[in-house]
Chemist: 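Below are the structure tokens for one structure; questions will follow.
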Amino acid sequence: MIGSSAKSEPDMNPIFAKAETSVFETMSRLARERQAINLGQGFPDDKGPDDVRAKAAEAVVDGWNQYPPMMGLPELRAAIAAHYRRFQALEFDPGSEIMVTSGATEALAGAILALIEPGDEVVLFQPMYDAYLPLVQRAGGVPKFVTLRPPDWTIHERDLAAAFSDRTRLVLFNNPLNPAGAVYGRDALALLAAYCVKYDAIALCDEVWEHVIFDGRSHAPLIAAPGMRERAVKIGSAGKIFSLTGWKVGFVCAAPRIMSALAKAHQFITFTTPPNLQTAVAYGLAKDDSYFAGMRAGLQRSRDRFSQGLVARGFSTLPSAGTYFLNIDISPLGWSDDFAFCSWLVKERGVAAIPVSAFYAKDAIRSVVRFCFAKEDLTLDGALSRLDHVARPR
Ligand SMILES: Cc1ncc(COP(=O)(O)O)c(C=O)c1O
């Protein structure tokens, strides 16, 4: 009889159905419940530049609000090309090498779907952004991990040699690296590029933090490393460039052959991105150098204020060369489990942070805890005073 063997609940894909609630969500929920200061999730207190937001508002009211072109507004694609020429000496053809996506996350998802087949190996550097592994697994990729370790998160050649093989199709590389706050320079990039070339792999370069980098550093894009122009996909995000993380306007740059595959995936995922936000981002990317320098200087000041406050309270901080994040080493405090420390901190001290082991799939480092310092002085100072006496020997 029809239905007699039906299950009471239908099966679903286990990668998402069985995924646990993310640590960001858990910590934010605890922060709300405990009225804690939330230095967990990575978003700034700042409202973002007034003129860029005004441009978006104007475009909503007076502009075009129907489907924009699938590849993105021509004015935004031209602005992205000009922006990367100005800041990174890169040349992209806006007509065939640039696509606008709904955030870097869509760019990542589309690229992973477009570039690998089930059974292909994908090299992932851990700690890694939480979306990478489920997306790779859902696309049938076989993850091969390179483990990076504090305090300097160096990429060792022996680890690349162990992770790459003739089955490697894709490498996911995030630089500057969230959550580590590490910034990789030309030597590390040249080493990684040599492995991509040797194994004929494509690099998916998540560079959403490219402008959030401190102490006079400049960002080195992997696509400029030897042999990478035809085998790298560069991903950026307006959310990070303009401190407007909710906007979800991303962009992808790649050689035309790769771009045509990425565009096919994009057309069936979001197809397009709100036109008014695209207009505002095009305007923003053309802003004076002083805007970008000022944004960096403001964040660097917050980093230093928070870091000095932590050191004065006896914490041991790790270097932060970029991103919104500063890490501490909790082992000198007598803690050996970063999850336990973060749960204790949010419940007992009212400060939410993120355990860095959440960014590892295996062999997790359990001694590092991440704080977001992209907050107003008042918020940072409030958190610091709640951290008084935590670093005393327990
Ligand atoms: C490394 C990394 N990649 C991607 C993203 C997501 O970017 P978007 O909000 O543009 O999707 C983030 C956001 O924090 C990130 O840190």
Side-chain angles (χ1 to χ4, degrees), residues 22-25 27-28 38-46 48 52 56 72 76 80 83 98-113 122 124-136 148 153 170-184 203-213 219 221-222 233-253 262 265-266 269-270 272-274 277-278 280-281 284-285 299 320-327 353-354 356 358-361 370-375:
S22 86
V23 67
F24 305 99
E25 192 45 43
M27 284 300 159
S28 289
N38 191 353
L39 303 186
Q41 227 170 359
F43 59 88
D45 271 355
D46 185 29
V52 176
L76 177 52
I80 293 165
H83 187 82
I98 296 179
M99 178 170 78
V100 178
T101 58
S102 291
T105 310
E106 194 233 329
L108 286 160
I112 291 166
L113 288 175
V122 178
L124 296 165
F125 292 80
Q126 48 170 16
M128 66 197 151
Y129 187 59
D130 60 349
Y132 294 176
L133 184 58
L135 290 173
V136 165
L148 304 169
W153 315 95
L170 192 67
V171 181
L172 252 91
F173 184 60
N174 173 214
N175 183 33
L177 177 62
N178 169 17
V183 172
Y184 295 95
L204 195 48
C205 315
D206 179 343
E207 300 184 358
V208 300
W209 298 103
E210 59 199 339
H211 270 294
V212 187
I213 121 175
H219 174 68
L222 184 58
V233 176
K234 175 176 170 60
I235 297 178
S237 171
K240 304 297 191 267
I241 298 177
F242 300 110
S243 307
L244 293 164
T245 58
W247 274 24
K248 303 296 279 190
V249 177
F251 16 92
V252 202
C253 305
L262 302 182
H266 169 68
I269 301 178
T270 59
T272 191
T273 299
L277 298 183
Q278 292 194 49
V281 170
L285 289 175
L299 285 165
S320 167
T323 76
Y324 294 159
F325 307 112
L326 181 80
N327 292 305
I354 298 290
V356 165
F359 296 82
Y360 287 79
R370 189 193 84 171
F371 293 96
C372 173
F373 58 74
K375 306 288 174 189

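When reading the values below, keep in mind they use all heavy atoms of this one structure, side chains included, and skip hydrogens, waters and symmetry mates. Remember, it's a predicted structure, so these values are computed and weren't measured experimentally. As the structure lists them, so they are numbered: ligands from 1, and atoms in each ligand from 1.
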Chemist: If only atom types and distance count, is the side chain of Asn38 paired as donor or acceptor with the main-chain N or O of Ser28 below 3.5 Å?
Modeler: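 Looks like no, no N/O pair under 3.5 Å.
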Chemist: Looking at CD1 of Ile235 and CD of Glu210, how far apart are the two atoms once the value is rounded to the nearest 0.5 Å?
Modeler: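 Here the interatomic distance stands at 11.0 Å.
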Chemist: Check for a donor-acceptor pair, side chain of Glu207 on one end and backbone N or O of Leu222 on the other, with a separation under 3.5 Å.
Modeler: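 Between the backbone of Leu222 and the side chain of Glu207 there is a qualifying donor-acceptor contact (under 3.5 Å).
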Chemist: When you look for heavy atoms under 4.0 Å from ligand 1, do you find them on the side chain of Glu106, its backbone, both, or neither?
Modeler: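 Neither; no heavy atom under 4.0 Å.
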Chemist: N/O of Tyr132 under 3.5 Å from N/O of ligand 1, yes or no?
Modeler: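 No, there is no polar N/O contact under 3.5 Å.
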Chemist: So which heavy atom in the protein is nearest atom 16 (O) of ligand 1, and how far is it from that ligand atom?
Modeler: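 For atom 16 (O) of ligand 1, the nearest protein heavy atom comes out as Asn178 ND2, 2.8 Å.
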Chemist: For atom 9 (O) of ligand 1, find the nearest protein heavy atom and state the residue, atom name and distance (0.1 Å precision).
Modeler: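 Closest protein heavy atom to atom 9 (O) of ligand 1: Lys248 NZ, 3.0 Å.
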Chemist: Please list, in number order, the atoms of ligand 1 under 4.0 Å from a heavy atom of Asn174.
Modeler: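 Atoms satisfying the 4.0 Å criterion: 1 (C).
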Chemist: Which atoms from ligand 1 have a heavy atom of Gly103 less than 4.0 Å away?
Modeler: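 What qualifies from ligand 1 is 10 (O), 11 (O).
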Chemist: Does Trp247 come within less than 4.0 angstrom of ligand 1, counting non-hydrogen atoms of the residue?
Modeler: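 Trp247 does not count as a contact of ligand 1 under the 4.0 Å cut-off.
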Chemist: Looking only at atom types and distance, does a side-chain atom of Ser320 sit under 3.5 Å from a main-chain N or O of Phe325, one as donor and one as acceptor?
Modeler: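 At least one qualifying donor-acceptor pair exists.
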Chemist: Give the residue, atom name and distance (to 0.1 Å) of the protein heavy atom nearest atom 7 (O) of ligand 1.
Modeler: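 Going by distance alone, atom 7 (O) of ligand 1 is nearest to Ala104 CB, 3.5 Å.
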Chemist: Decide yes or no for Val23 and Phe359: does some side-chain heavy atom of the first lie under 4.5 Å from some side-chain heavy atom of the second?
Modeler: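 Val23 vs Phe359: side chains apart.
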Chemist: Does a side-chain heavy-atom distance below 4.5 Å link Val249 with Phe242?
Modeler: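 The answer is no; the side chains never approach within 4.5 Å.
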Chemist: Is Thr105 touching ligand 1 with its side chain, its backbone, both, or neither, if touching means heavy atoms under 4.0 Å apart?
Modeler: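 The part of Thr105 near ligand 1 is both the backbone and the side chain.
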Chemist: Identify, by atom number and element, the atoms of ligand 1 in contact range of Ser237, meaning under 4.0 Å from any of its heavy atoms.
Modeler: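 What qualifies from ligand 1 is 8 (P), 10 (O).
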Chemist: What protein heavy atom sits nearest atom 2 (C) of ligand 1, and how far away is it?
Modeler: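 Checked against all protein heavy atoms, atom 2 (C) of ligand 1 sits closest to Asp206 OD2, 3.3 Å.
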Chemist: Output the distance between atom NE2 (His83) and atom CD1 (Ile241), rounded to the nearest 0.5 Å.
Modeler: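 Reported value, rounded in 0.5 Å steps: 4.5 Å.
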Chemist: Which value, rounded to the nearest 0.5 Å, describes the distance between Leu285 atom CG and Leu76 atom CG?
Modeler: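 Going from CG on Leu285 over to CG on Leu76, the span is 6.5 Å.
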Chemist: Which protein non-hydrogen atom lies closest to atom 14 (O) of ligand 1, naming both residue and atom, and how far is it?
Modeler: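 Here the nearest protein heavy atom works out to Lys240 NZ, 2.9 Å.
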Chemist: Write out the residue and atom name of the closest protein heavy atom to atom 15 (C) of ligand 1, then the distance separating them to 0.1 Å.
Modeler: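 Heavy-atom neighbour on the protein nearest atom 15 (C) of ligand 1: Tyr129 CE1, 3.4 Å.
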Chemist: Regarding ligand 1, does Trp209 bring an N or O atom to under 3.5 Å of one of the ligand's N or O atoms?
Modeler: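 Among all N and O atoms of Trp209, at least one is under 3.5 Å from an N or O of ligand 1.
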Chemist: Would you say the ring centroid of Trp209 lies under 6.0 angstrom from that of Tyr324?
Modeler: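 Under 6.0 Å, so yes.
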